[in-house]
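Both ligands and their constituent atoms are indexed starting at 1 by order of listing.
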Amino acid sequence: MSDVVIVGAGVIGTSTAYALLQRGVTDITILERNTVAAGGTGKSAGIVRCHYGVTSVAALALASLEFFENAKEILGADIGFEQVGYLVGVGAENREPFTASVKHQQSLGVPTEFIDHDAVRELWPTAYLDDFDTFCWEPRGGYGDGYATAQGFAAYLRDHGVTIRQGAEVVEVLTEGTRATGVKLADGEIVPAGTVILAGGPWVPALTTPLGIDVPIDPILNEQVLINPGMNLGASPVFSDLVSRQDVQMRKGELLFGYSDASRLIKSVSNLDDYPGHASHEALEAVAEKAVHRFPGIENPQVVSTFTGVFDSTPDQNYIISGTDYDGLFLETGMSGHGFKTSPAIGKLAAELILDGDTTIPNVTASDFRLSRFAEGDLLTSPFPYKGASGIR
Ligand SMILES: Cc1cc2nc3c(=O)[nH]c(=O)nc-3n(C[C@H](O)[C@H](O)[C@H](O)COP(=O)(O)OP(=O)(O)OC[C@H]3O[C@@H](n4cnc5c(N)ncnc54)[C@H](O)[C@@H]3O)c2cc1C
C-alpha cells in the first residue's frame, strides 16, 4: 500500500511527486507504462514564458520561473533550461487585446515590457518586421528540455525514496463505493493506494470513462519542423510571431518552428500509440512559406528533421487539476500543449489541493482548473482573446 500512486511519469507526474515530497509525503509510487518522459514531455518544444491572458495560468508560469532558473541547485541536475528571453509580436488587429493582456500580466508581477521595432531588430536581425504592430519582451523566458526536466525530477525522486516503476501500465482504477483504493496493472497486479493521481496526459480518459467520469480531452497532433538556416544567426530569443502564427526558436544554430495557428490545431489522433512521427508535407510547405516571409535574410534554409507529438486538449485549452466525485482520485491532465512551462507550479498546486484543499500560489484560483467547469459551461478563457492565434494565449 502506497500513500500516493501517481500514474504517468511525464513532467506533471514527476513534479507532483517532487512537490508532495517537499510537503513530507514520502510513500509515493509512480507507475509509468513506458519510460520516464515517453509521452508529450519528451516531444515538447519546451517554450518557457508567462504570456497568458488567464490570470491563474500566467501566475502558474510566473511561479515556475524560479524553479527553472535554479533547477541545478534544486535537483542537482542540468535540466537544459536556456534563458534566451521570449518575444511576442502582433499585428494591428491584435493591438488592443495584446496591450491589455501585457498590462494585466505586469499587474501580476510578470517581468514583461513593450519594446519597439528597433529593439526587436537587434534581437532578430534577419527578421522582416514591417507587418508587426507591437511587441513585448520577457527577459526571464526561454526554452527548456522536457526530457531532461522529467529525468532530473525522476533522479531526485529515486534518491529520496520514491519508487518509479517503468513498463507498468495501469489498466483500471479500483474503487470501493465512492472511494478510490488503488490501481490494477496490465499483468493483473493490484497496487493499493490512499490517493491515486492520474497524470497520464491524453491517456487519462481511458481510465476515467469506466468510472463514469467524463474528462473531455481531444488528442491533437502537433507538428514541429527543424530548419538549418545555412548561416550563423547568432543567439536569438524564442519568438511567438502572431502575424504568421508560428513560434520560432534557435536551437544550437538551427531553427525550430511550431504552430500557434488556431486553424491548424485540428487533427485529432485516433490511436495514441500509432500516429505519424513526422510532419506532413502540408505542414512542411506552410513552414517553408512562413519562414521565407519572416526571415528573408536566410540564404540556404534546409529542413533538418521534423517530429510530432500529441496535445491533450480540453475544450477551453486549459488544464484539469482537480478532484473527482471519488475520494482519493485526483486528475492532472488536459495540459493542452502548454504544460511544460507551468509544470513546477502545477505540481505544487496539486500537492496543496490534495493536502490542504487550496493553494498558496499567488494569483492562482485553484477552482479555475476544476473538472466540473466543462459540464457547467463555465470555460476558462482569456479576457483578452487574440484573433487567429490558438486559445492558449
Ligand atoms: C510537440 C509538442 C510541443 C510542445 N511545446 C510546448 C512548449 O513549447 N511549452 C510548453 O509549456 N508546453 C509544450 N508542450 C506541452 C507539454 O510538453 C506537455 O503539456 C507536458 O509535457 C505534458 O506532461 P504530462 O506529464 O502531463 O504528460 P505526458 O508527458 O504525456 O506524460 C504522461 C505519461 O503517462 C504515461 N501513462 C499514460 N497512461 C498510463 C497508464 N495507463 N499507465 C501508466 N502510465 C501511463 C505515459 O506513458 C506518459 O509517459 C508541447 C507538447 C508537444 C507534444
Side-chain angles (χ1 to χ4, degrees), residues 5-17 29-52 57 60-61 64 68 86 141-147 149-150 153-154 164-173 183-186 191 196-208 217 219-225 238 240 247-249 256-260 265 269 272-273 275 277 279 306-314 317-321 331-347 350 392:
V5 159
I6 298 175
V7 181
V11 276
I12 299 301
T14 53
S15 78
T16 301
T29 298
I30 301 182
L31 299 170
E32 167 56 54
R33 70 199 285 269
N34 199 326
T35 52
V36 173
T41 294
K43 309 283 185 67
S44 188
I47 296 174
V48 171
R49 60 169 164 104
C50 300
H51 192 94
Y52 284 97
V57 180
L60 285 173
S64 297
F68 286 114
Y86 172 74
Y143 65 87
D145 180 334
Y147 180 82
T149 303
F153 273 126
I164 302 178
R165 293 178 58 182
Q166 301 182 89
E169 183 179 6
V170 172
V171 292
E172 190 181 343
V173 176
V183 296
K184 185 171 162 188
L185 302 186
V191 183
V196 175
I197 301 173
L198 301 183
W203 288 269
V204 166
L207 293 173
T208 55
I217 284 178
I220 301 285
L221 189 72
N222 185 268
E223 300 163 297
Q224 303 268 329
V225 179
V238 177
S240 281
D247 292 314
V248 192
Q249 47 178 304
L256 180 63
F257 286 86
Y259 291 105
S260 58
L265 291 168
V269 166
L272 288 170
D273 293 314
Y275 58 86
T306 73
F307 63 94
T308 63
V310 173
F311 287 1
D312 46 350
S313 294
T314 66
Q317 303 285 311
N318 271 312
Y319 318 135
I320 299 168
I321 306 162
L331 307 177
E332 290 180 89
T333 182
M335 296 298 136
S336 305
H338 60 122
F340 173 73
K341 62 180 71 66
T342 44
S343 56
I346 286 180
I392 63 172

What residue and atom, counting heavy atoms only, is the protein's closest point to atom 32 (C) of ligand 1, and at what distance?
Ala199 O, 3.5 Å

Heavy-atom nearest pair, Ala150 first then Ala9, reads CB-O, 4.4 Å

Decide whether an N or O pair under 3.5 Å exists between Ile12 and ligand 1.
yes

Can a non-hydrogen atom of Ser343 be found less than 4.0 Å from any atom of ligand 1?
no

If you measure from the Lys or Arg side-chain nitrogens to the Asp or Glu carboxylate oxygens, is any gap between Asp247 and Arg49 under 4.0 Å?
no

Do Thr41 and ligand 1 have an N or O pair less than 3.5 Å apart?
yes

Locate the shortest heavy-atom distance separating Gln224 from Ala45; write the atom from each residue and the value.
OE1-CB, 3.7 Å

Can an N or O of Ala37 be found at a distance shorter than 3.5 Å from an N or O of ligand 1?
no

Side chains of Lys341 and Tyr86: any donor to acceptor distance under 3.5 Å?
no

Ligand 1 to Gly309 polar contact by distance, N or O atoms, under 3.5 Å
no

Using side-chain contact (heavy atoms from CB on, under 4.5 Å) as the criterion, list what pairs up with Ala350, not counting sequence neighbours.
Thr16, Ile321, Phe330, Glu332

Before signing off on this row, confirm whether Glu32 and ligand 1 have an N or O atom pair separated by under 3.5 Å.
yes

Under 3.5 Å: N/O of Phe311 near N/O of ligand 1
no

Does ligand 1 come near enough to Val310 that some N or O of the ligand is less than 3.5 Å from an N or O of the residue?
no

Ring center gap for Phe311 and His338 short of 6.0 angstrom:
no

Checking Thr314, Thr333, Leu60 against Tyr319 for side chain to side chain contact (heavy atoms under 4.5 Å, CB included), the one that qualifies is Leu60

Can you tell me if Gly46 contacts ligand 1 (heavy atom of the residue under 4.0 Å from the ligand)?
yes

Using distance alone, determine whether Asp312 and ligand 1 share an N or O pair under 3.5 Å.
no

Are any of the N/O atoms in Leu207 less than 3.5 Å from those in ligand 1?
no

re atom 39 (C) of ligand 1, the protein heavy-atom contact at minimum distance is Arg33 CD, 3.5 Å

Should the proximity of Asp247 to ligand 1, defined as any heavy atom under 4.0 Å, be assigned to the side chain, the backbone, both, or neither?
neither

Return the CD1 to CG distance between Ile12 and Asp312, rounded to the nearest 0.5 Å.
9.0 Å

For Gly10, atoms of ligand 1 separated by under 4.0 Å from a heavy atom:
25 (O), 29 (O), 31 (O)

Do any nitrogen or oxygen atoms of Lys43 lie less than 3.5 angstrom from nitrogen or oxygen atoms of ligand 1?
no

Using the ring-ring contact (aromatic ring centres under 6.0 Å, His included) criterion, which residues pair with Tyr143? Sequence neighbours excluded.
none

